[in-house]
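Here the structure is a predicted model, which means the values were calculated and not measured. Order of appearance sets the numbers: ligands from 1, and atoms from 1 within every ligand. We're numbering straight along the sequence, starting at 1.
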Amino acid sequence: MKKILITGGAGFIGSHVVRRFVKNYPDYEIVNLDKLTYAGNLANLRDIEAYDNYRFIKADIVDAAEMSQLFKRENFDAVIHLAAESHVDRSISDPTAFVMTNVIGTVNLLNAAKDSWKGDYERKRFYHVSTDEVYGALGETGMFTEETAYDPHSPYSASKASSDHFVRAYHDTYGLDTVISNCSNNYGSHHFPEKLIPLAINNIKNELPVPVYGKGENVRDWLWVEDHARAIDVIFHKAASGETYNIGGHNEWKNIDLIRLLCSIMDKKLGREEGASAGLITFVTDRAGHDLRYAIDSTKLQRELGWVPSLQFEEGLEKTVDWYLENEKWLNDVTSGSYQAYYETQYHGR
Ligand code: NAD
Ligand code: TDX
């Protein structure tokens, strides 16, 4: 029996991790803690919310006193920490929110874990979920390995890099059992439509302009979210204390090529003439400090822990489109209200 705190479980990746652990480990007690910001949505977990081994707590990781009381009361065996402000564009308009949640929130959890475990870290674990963006940007060649020096450029990646450093510092200073993974861009169901793929699906569906930053030359390495959740499962159970693993799909796409592929898939699904949706592509002002290319070398994870991605991108993208087309209510619910205001500010006049 293990009692595991998963933070950010109502978000995109967190909901896939919670679902996987609740279903695959009936003898674990899974506690999902989430503030339910604009990005958190309990509808993501409807299918598992009635499971006996699942519980939800609404709380803010920035509240140090609440985190401390919670850990003392619950006596968790492990933490899988995903709660974060996660959107680069929002970090450019409001960096402080990213420092609060991603840096202060992480330190609050580390302190609460350290204090409640009182130096006895046997069979305890603090797993921090991070991003490839901490490594900065690549040119035309090369890949990020676990040895690549940190070089974050956006307020988002700077806040994630800082949180990674704190996690390592708690391992090195206090002996806390920590693991970190740095993953590339995820895609799949339940992805909030402020990020490229779900935003483009939503706009193509509604025949709205599909905004591509700059010339669409930037490259991202895309991984199916359920492959990420499976990697987290493997690392959580098998990694040695203090380890770091990169997670990625060896699946690099220029943004413009990805959007063209998406348009073609959606033309077929929506019964539109081939090429019709590509006419919606609109080049807009580039993101400030836009990292050119990310590419993850996940050889260490494959070699040491035997994880490999399961799904080809074309197949995964088609599955993702199907999910959005079948879950119109989910999409309509999350794009009503404050989403409209965000969209107007982010893209108006761009
Ligand atoms: P998301 O924005 O979809 O979800 C974040 C969740 O955290 C939301 O449910 C939100 O309500 C919650 N949250 C935010 N602030 C909180 C706070 N102060 N207290 C408690 N809960 C709070 O993010 P995501 O895309 O699912 O990313 C999850 C994690 O994975 C993040 O740490 C992110 O940095 C990392 N990551 C994401 C990607 C990606 O492609 N999306 C890739 C690599 C790593
Ligand atoms: O409207 C858009 N047009 C566009 O061209 C948006 C929203 C994005 N883009 C570009 C910017 C990036 O090059 O598409 C690429 C992907 O953008 P995002 O979906 O915002 O993702 P990215 O900035 O790469 O960051 C993501 O991957 C790493 C997640 O949001 C992070 O949480 C994760 O750590």
Side-chain angles (χ1 to χ4, degrees), residues 6-18 32-42 44-45 57-63 66-67 80-92 97-98 100-102 104-106 108-109 128-134 137 152 154 156-157 159-160 163-164 181-188 190-200 203 209-223 225 228-229 232 246-248 253-256 258-259 281-287 290-294 296 334 343 346-347 350:
I6 300 184
T7 70
F12 166 47
I13 302 171
S15 63
H16 287 276
V17 174
V18 166
N32 170 16
L33 181 152
D34 200 295
K35 182 183 172 183
L36 299 181
T37 67
Y38 76 94
N41 184 356
L42 287 178
N44 294 352
L45 292 163
I57 295 176
K58 184 173 187 304
D60 185 345
I61 60 170
V62 175
D63 187 335
E66 188 171 359
M67 290 308 106
I80 304 179
H81 173 39
L82 296 107
E85 287 291 341
S86 71
H87 188 34
V88 173
D89 291 323
R90 288 186 191 253
S91 83
I92 294 168
F98 286 69
M100 296 312 291
T101 288
N102 299 0
I104 307 289
T106 302
N108 287 343
L109 291 171
H128 178 60
V129 175
S130 192
T131 170
D132 60 356
E133 300 198 14
V134 298
S154 72
Y156 164 69
S157 52
S159 69
K160 290 297 290 188
S163 64
D164 291 12
S181 56
N182 297 86
C183 189
S184 62
N185 286 61
N186 285 214
Y187 72 97
H190 305 90
H191 202 182
F192 192 77
E194 64 184 355
K195 308 280 171 72
L196 179 67
I197 290 181
L199 184 139
N203 286 17
V210 179
V212 173
Y213 296 165
K215 295 184 177 142
E217 296 289 311
N218 303 68
V219 174
R220 296 292 181 264
D221 178 354
W222 295 93
L223 181 71
V225 63
H228 187 189
I232 289 173
N246 281 354
I247 311 172
W253 284 79
K254 269 190 188 162
N255 291 338
I256 187 63
L258 186 164
I259 294 299
I281 294 172
T282 309
F283 294 97
V284 300
T285 310
D286 210 352
R287 173 184 281 173
H290 197 172
D291 287 338
L292 177 66
R293 176 173 163 260
Y294 304 141
I296 275 275
V334 301
Y343 198 91
Q346 176 65 18
Y347 293 101
R350 196 161 183 163

Is the shortest N/O to N/O distance between [X] and ligand 1 below 3.5 Å?
X	value
K160	yes
C183	no
T101	yes

Between Y294 and ligand 1, find which residue part has any heavy-atom pair under 4.0 Å and reply side chain, backbone, both or neither.
->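 It is neither; nothing of Y294 touches ligand 1.
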Heavy-atom proximity to [atom], best of [options]:
atom	options	result
atom 14 (O) of ligand 2	I256, N182, L196, V284	L196
atom 28 (C) of ligand 1	T131, L82, I197, I57	L82
atom 5 (C) of ligand 1	G8, G188, A84, S86	A84
atom 44 (C) of ligand 1	S130, A59, G14, S163	S130
atom 41 (N) of ligand 1	D60, N102, I13	I13
atom 20 (O) of ligand 2	K254, E133, K215, R287	R287

Under 4.0 Å from a heavy atom of [X]: give me the atoms of ligand 1 that qualify, with their elements.
X	result
K35	16 (C), 17 (C), 18 (N), 19 (N), 20 (C), 21 (N), 22 (C)
N185	40 (O)
T37	10 (C), 11 (O), 14 (C), 15 (N)

